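Below: the structure, in structure tokens.
Because the structure is a prediction, the values reported are computed rather than measured.
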Amino acid sequence: MEKSAIFENKAMYTCPMHPEIEQDKPGDCPKCGMHLEQKTAPAEEDNKEARILARKFWIGLIFAVPVFFLALGEMIPVLNLKAIIPSELSRWLQFIFSTPVVLWAGGIFFAKAWKSVLNKSLNMFTLIAMGVGAAYGFSAIVILFPNIFPESLKRHGEIGLYFEAAAVITVLVLMGQLLEAKARSRTGQAIKALLGFAAKIAHRIRDGKEEDVAIDQIQKGDLLRVRPGEKVPLDGIITEGKSTVDESMISGEPVPAAKKEGDLVIGATVNQTGAFVMRAEKIGHETLLSQIVKMVADAQRSRAPIQKLADHISGYFVPAVMGCAVVAFIIWSAFGPAPALAYALISAISVLIIACPCALGLATPMSIMVGVGKGAQSGILIKSAEAIEKCEKITHVLIDKTGTLTAGKPQVTATITANGWDEKSLLSIAASIEQSSEHPLARSVVDYAKEKGYGLASADGFQSVTGGGVKGKVNSKAVLLGKQKFIEDNGIILPEELKKKSDELQRKAETVIWVAVDGKIAGILGISDPIKKTTPEAIRALHEMGLKVVMLTGDNEKTANAIAKELGITDVHAGLEPKDKQEIVKKLRSEGAKVMMTGDGINDAPALAEADVGVAMGTGTDVAIESAGITLVKGDLNGIVKALRLSRGVMRNIRQNLFFAFIYNAIGVPIAAGILYPFWGLLLSPMIAGAAMSFSSVSVIGNSLRLRNLEL
């Protein structure tokens with residue numbers, strides 16, 4: 001389906017954190033400084049923001065590295081870099097190399113910070129610009145006007161520089177912004193994958209002639225021919241012919257649906273056994289696939305990033321720090337010893353440097369980075385930081401049945417023979433006739449017979465009866481295979497004993513296939529979608545964690561209830577369409593629940609995207625994986641339990657990091673402002689302030705690395 005056929009409105013851009021901000025062109029949010037995302041459709045071209053940030057990051061890194069090593073040589077005398085590079089030359093080189101990093105690469109942060117001031121919405125960028133600007137600005141003044149500082153503030157005749165702090169902080173923040181931009185660009189992959197499922201052309205019938213036309217040229221009421229193996233072009237009604245259609249991408253169920261005249265067919269589903277003519281009823285954005293695309297896009301935009309916490313804190317922290325710096329400057333200017341202005345400047349700069357957001361900027365990214373790595377080692381792929389944040393507060397776990405609780409592949413689970421027949425003979429003749437069928441249930445019979453090592457013969461006169469079964473001849477014997485009604489309609493009497501066995505299998509949610517040979521029943525086969533071996537353990541663990549487990553499925557109620565009873569799930573919703581699953585998620589969230597949705601199919605994509613946290617099976621479709629915040633590589637539900645434990649550990653670690661980030665400020669800012677000077681004559685120099693700032697960062701990094709030992 002052409003993109004223009006789905007999205008017909010003018011492109012609008014909105015902020016992920018502040019959805020009320022909308023405009024018709026790209027840019028930054030005036031409230032938080034985040035890059036605005038396209039609202040009505042994913043961008044077709046490469047992410048321009050990511051390319052710009054990547055260029056700034058790599059060039060900034062190239063210039064920041066020599067600044068760091070030059071400063072390291074001055075701070076650690078053992079390195080004796082002064083013997084190679086004179087101190088005065090080293091200081092000027094630091095100034096020269098750090099200038100493009102701060103002013104060019106980091107210029108975007110100053111622009112965002114200025115906007116935050118104009119809009120009276122102080123945020124993380126305000127804090128970054130303030131800290132980096134203070135470190136760079138003070139150091140530049142030292143280089144350009146060294147004589148304005150008193151001798152008492154000099155060490156070995158020099159004032160300390162903080163170019164390396166300004167350059168390294170800028171590069172670190174750029175890296176975080178780059179990773180965030182790439183993550184946002186990947187959210188569009190779910191929609192691109194969905195669009196890839198749509199048919200591109202259709203066989204239109206006009207005036208008795210058939211022609212191939214592009215999908216976006218189809219009008220309502222056009223007659224379209226669909227041949228076996230082709231995708232259904234659009235949503236419509238069958239006007240001629242009958243077939244079976246694989247609707248698993250919509251329903252999630254592996255068994256194809258029988259279709260006849262008057263039945264609805266859905267665009268992008270796959271026609272199987274027969275040809276038919278359909279009348280197009282829905283086109284463009286009206287089709288079910290287009291609606292799923294819209295639902296996924298809307299749900300993806302509704303999530304707030306984890307950075308909101310830091311910005312919320314910054315909203316209070318930034319003005320407090322700036323206020324302290326101003327107050328310190330005023331008091332020292334009025335009451336400080338000569339030269340009062342120099343002391344005032346030193347004190348104000350020390351306050352700003354010690355409050356530099358390096359530790360705050362690292363508090364969440366470091367924990368997230370280590371946590372994501374830990375998760376990957378355990379088969380848990382985490383797409384976004386907000387998924388980890390929201391996992392911690394989950395109250396309800398919604399799980400799709402087919403492919404999630406169950407294997408998603410029909411298998412023969414019971415073989416019951418009539419008198420005079422054994423398993424080998426029954427399976428051999430059943431598989432021989434079924435090998436000519438494309439039905440998933442037929443393939444399960446053939447695969448099972450081959451797995452058992454039973455030989456197959458060729459079938460003559462094979463015929464598939466839509467909605468009933470198949471018939472033909474195997475070794476000159478007339479064979480009928482299919483539903484009970486199909487067998488009875490062919491005048492064959494069913495043994496009461498086997499009918500009872502059939503009822504027992506159906507109560508266990510197994511599909512029963514009857515096999516008749518030469519007018520007499522040979523036996524029955526029970527086929528089911530088996531529960532994954534790891535599922536019962538995972539469900540028990542979720543219950544023990546105090547979570548409400550809910551089953552969502554497009555399957556019938558009888559089968560769903562049988563599976564749920566076996567697993568101890570009391571809340572079951574069956575016969576659902578994609579929009580129904582999403583509505584259930586919406587309803588629960590509106591009632592205050594924190595919802596995790598787990599699934600593996602295209603039909604699960606809207607619900608996965610709508611949920612607070614979407615978890616996709618790695619064995620599922622690309623669309624489900626792209627719509628989810630977390631993917632379980634092995635398709636093992638125990639991964640959900642591990643993901644929840646991981647999220648709790650990561651969020652606990654983040655709170656600890658934020659404590660480390662601020663405890664130094666709570667202690668250091670008053671000292672930097674000179675609160676100890678009247679009592680003990682102690683004044684915190686910018687160099688010590690920089691060391692305290694660095695130590696807070698080391699504490700954050702060290703604490704984050706502890707996550708590598710987290711027990712999942």
request  = Test side-chain contact (heavy atoms from CB on, under 4.5 Å) on Ser647 and Val650 and set out the steps.
outcome  = CA-CA 5 Å; Ser647 74; Val650 169; 5.7 Å; no
Interatomic distance, [X] atom [atom1] to [Y] atom [atom2] [nearest 0.5 angstrom]:
{"X": "Ile569", "Y": "Leu405", "atom1": "CD1", "atom2": "CG", "result": "5.0 Å"}
{"X": "Met596", "Y": "Ile630", "atom1": "CE", "atom2": "CD1", "result": "5.0 Å"}
{"X": "Glu566", "Y": "Ile539", "atom1": "CD", "atom2": "CD1", "result": "11.5 Å"}
{"X": "Leu644", "Y": "Cys391", "atom1": "CG", "atom2": "SG", "result": "5.0 Å"}
{"X": "Ser428", "Y": "Ile433", "atom1": "OG", "atom2": "CD1", "result": "13.5 Å"}
{"X": "Ile563", "Y": "Ile531", "atom1": "CD1", "atom2": "CD1", "result": "4.0 Å"}

Ignoring hydrogens and geometry, is there a side-chain-to-backbone donor-acceptor pair from [X] to [Y] under 3.5 Å?
{"X": "Asp580", "Y": "Glu583", "result": "no"}
{"X": "Lys200", "Y": "Ala198", "result": "yes"}
{"X": "Thr269", "Y": "Ile266", "result": "yes"}

Should [X] and [Y] count as side-chain neighbours, where that means a heavy-atom distance under 4.5 Å?
{"X": "Arg443", "Y": "Gln435", "result": "no"}
{"X": "Ile215", "Y": "Ile201", "result": "no"}
{"X": "Leu588", "Y": "Val585", "result": "no"}
{"X": "Leu398", "Y": "Val595", "result": "yes"}
{"X": "Asp222", "Y": "Arg206", "result": "yes"}
{"X": "Leu494", "Y": "Trp514", "result": "yes"}
{"X": "Leu552", "Y": "Met597", "result": "yes"}
{"X": "Lys565", "Y": "Val572", "result": "no"}

Would you name the heavy atoms of [X] and [Y] that are closest together and state the gap between them?
{"X": "Lys259", "Y": "Val245", "answer": "CG-CG2, 3.7 Å"}
{"X": "Ala442", "Y": "Glu434", "answer": "CB-OE1, 3.2 Å"}
{"X": "Val474", "Y": "Ala459", "answer": "CG2-CB, 4.2 Å"}
{"X": "Trp421", "Y": "Leu426", "answer": "CE3-N, 4.1 Å"}
{"X": "Leu608", "Y": "Val615", "answer": "CD2-O, 3.5 Å"}
{"X": "Phe276", "Y": "Ser243", "answer": "CD2-CB, 3.9 Å"}

task = Return yes when atom CG of Asn419 has more than 12 non-hydrogen atoms of other residues, nucleotides or ligands closer than 6.0 Å, and no otherwise.
result = no
Just distance, no hydrogens or angles: give the donor-acceptor pairs under 3.5 Å from side chains in residues 223-238, sequence neighbours left out.
unit_1: Arg225; atom_1: NE; unit_2: Glu210; atom_2: OE1; d: 2.8
unit_1: Arg227; atom_1: NH1; unit_2: His203; atom_2: NE2; d: 3.1
unit_1: Arg227; atom_1: NH2; unit_2: Glu210; atom_2: OE2; d: 2.4
unit_1: Glu230; atom_1: OE1; unit_2: His203; atom_2: NE2; d: 3.2
unit_1: Glu230; atom_1: OE1; unit_2: Arg227; atom_2: N; d: 3.0
unit_1: Glu230; atom_1: OE2; unit_2: His203; atom_2: NE2; d: 2.8
unit_1: Lys231; atom_1: NZ; unit_2: Phe197; atom_2: O; d: 2.9
unit_1: Asp235; atom_1: OD1; unit_2: Gly267; atom_2: N; d: 2.7
unit_1: Asp235; atom_1: OD2; unit_2: Leu288; atom_2: N; d: 2.8

[X] and [Y] ion-paired at < 4.0 Å:
{"X": "Glu610", "Y": "Lys581", "value": "no"}
{"X": "Glu211", "Y": "Arg204", "value": "yes"}
{"X": "Glu496", "Y": "Lys499", "value": "yes"}
{"X": "Lys260", "Y": "Asp263", "value": "yes"}
{"X": "Glu591", "Y": "Lys587", "value": "yes"}

Stepwise side-chain contact (heavy atoms from CB on, under 4.5 Å) check, Val412 with Thr415 = CA-CA 8 Å; Val412 176; Thr415 306; 4.0 Å; yes
task = Using the side-chain hydrogen bond (donor to acceptor under 3.5 Å, both in side chains) rule, pick out the option among Lys390, Arg589, Lys594 that qualifies with Asp612.
result =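 Answer to the side-chain hydrogen bond (donor to acceptor under 3.5 Å, both in side chains) test with Asp612 among Lys390, Arg589, Lys594: Arg589.
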ask   = Applying the side-chain contact (heavy atoms from CB on, under 4.5 Å) test to Thr535, which of Asn638, Ile399, Leu567 qualifies?
value = Leu567
inquiry  = Please evaluate residues Val641 and Met545 with respect to the criterion side-chain contact (heavy atoms from CB on, under 4.5 Å), reporting the C-alpha separation (whole Å), side-chain torsions for both, the decisive distance (0.1 Å), and the verdict.
reply    = CA-CA 9 Å; Val641 179; Met545 295 175 77; 3.9 Å; yes
Side-chain donor-acceptor pairs under 3.5 Å in residues 445-456, sequence neighbours left out?
unit_1: Tyr454; atom_1: OH; unit_2: Glu423; atom_2: OE1; d: 2.8

task = Give the intermediate values and the outcome of side-chain contact (heavy atoms from CB on, under 4.5 Å) for residues Ile521 and Ile492.
result = CA-CA 8 Å; Ile521 295 298; Ile492 297 175; 3.8 Å; yes
